[in-house]
Amino acid sequence: MADDAAGIVDRVKAYFYEDDTFEETFLAWAKEHSDVISKDEEEMKLEYTALHESFLAFFEERMEKFIADAGSTPSEFYKAIKKAVLDDPSGEDNSFIQIVLAAVEFSTFMQMMREARA
């Protein structure tokens, strides 16, 4: 992997894992939108799906902005991370992608929203 490609992957990982403002941004978003979520009901309302889609768009927007501010493009990042995962399927970059995917899963989203509502 070229240094620039590896660099953007490393910068995104550092942003995701180490930048407190990253987490704070999403916690603030959750608090702002948590009034839609029922604290007591286990039923998953249709409006939760729309809220999750809004969250995904917000997440993607924040990641794309970070990547652009770091001097790269989402396409370059996706190519670099794909190459890293293909080169080492059990490596750190693959673990990172799995963690990111888990973080935006609906069940994880609902847990975050219920905690924000509490």
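Side chains are part of it too, since the values below use all heavy atoms of this structure and drop only hydrogens, waters and symmetry mates.
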- Parallel under 30°, tilted from 30 to 60°, perpendicular over 60°: which one fits the rings of F55 and H52?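 Taking H52 first and then F55, their aromatic rings lie parallel (interplane angle under 30°).
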Could you check whether any side-chain N or O of [X] sits under 3.5 Å from a backbone N or O of [Y], counting only pairs where one atom can act as donor and the other as acceptor?
X	Y	value
H33	W29	yes
N94	P89	yes
S72	A68	no
T108	A102	yes

Q: Apply side-chain contact (heavy atoms from CB on, under 4.5 Å) to the pair T73 and I8, showing each step before the final yes or no.
A: CA-CA 9 Å; T73 67; I8 190 57; over 6 Å; no
Work out which heavy atom in [X] is nearest to a heavy atom in [Y]; give both atom names and the distance.
X	Y	value
V9	A80	CG2-CB, 3.6 Å
V36	Y48	O-CE2, 3.5 Å
I37	M113	CG1-CB, 3.6 Å

From [X] [atom1] over to [Y] [atom2], what is the distance, rounded to the nearest 0.5 angstrom?
X	Y	atom1	atom2	result
E60	M63	CD	CE	10.0 Å
L51	L46	CG	CG	11.5 Å
F66	T25	CZ	OG1	12.0 Å
K31	E115	NZ	CD	10.0 Å
D88	S95	CG	OG	9.0 Å
M112	S34	CE	OG	9.5 Å

| query | Are E18 and K13 close enough for a salt bridge, meaning some N to O gap below 4.0 Å? | reply |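 The answer is no: the pair does not qualify as a salt bridge.
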Same apolar cluster: F77 and L86, side chain cutoff 4.5 Å: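 F77 and L86: separate clusters.
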**Report entry** Shared hydrophobic cluster for V104 and Y15 (ILVMFWY, side-chain gaps under 4.5 Å)
**Finding:**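 Result: yes, single cluster for both.
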Centroid-centroid under 6.0 Å between F22 and Y17 rings
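That pair fails the under 6.0 Å test.
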Check: Below 4.5 Å, heavy atoms only, C-beta onward: do P74 and Y78 meet side chain to side chain?
Finding: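 Yes, at least one pair of side-chain atoms sits under 4.5 Å.
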Inset, instruction - Could you walk me through whether E76 and K79 pass the side-chain contact (heavy atoms from CB on, under 4.5 Å) test, one step at a time? - result: CA-CA 5 Å; E76 291 169 339; K79 286 178 189 172; 5.8 Å; no
> More than 12 heavy atoms of other residues, nucleotides or ligands under 6.0 Å from CD of E64: is that the case?
Replying inline: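 Counting other residues, nucleotides and ligands, CD of E64 exceeds 12 neighbours.
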Check the pair F59 / V100 against side-chain contact (heavy atoms from CB on, under 4.5 Å), numbers first and verdict last. CA-CA 10 Å; F59 184 90; V100 170; 4.0 Å; yes
Does the pair I99 and F16 meet the rule for a side-chain contact (heavy atoms from CB on, under 4.5 Å), with working shown? CA-CA 10 Å; I99 290 167; F16 185 84; 3.7 Å; yes
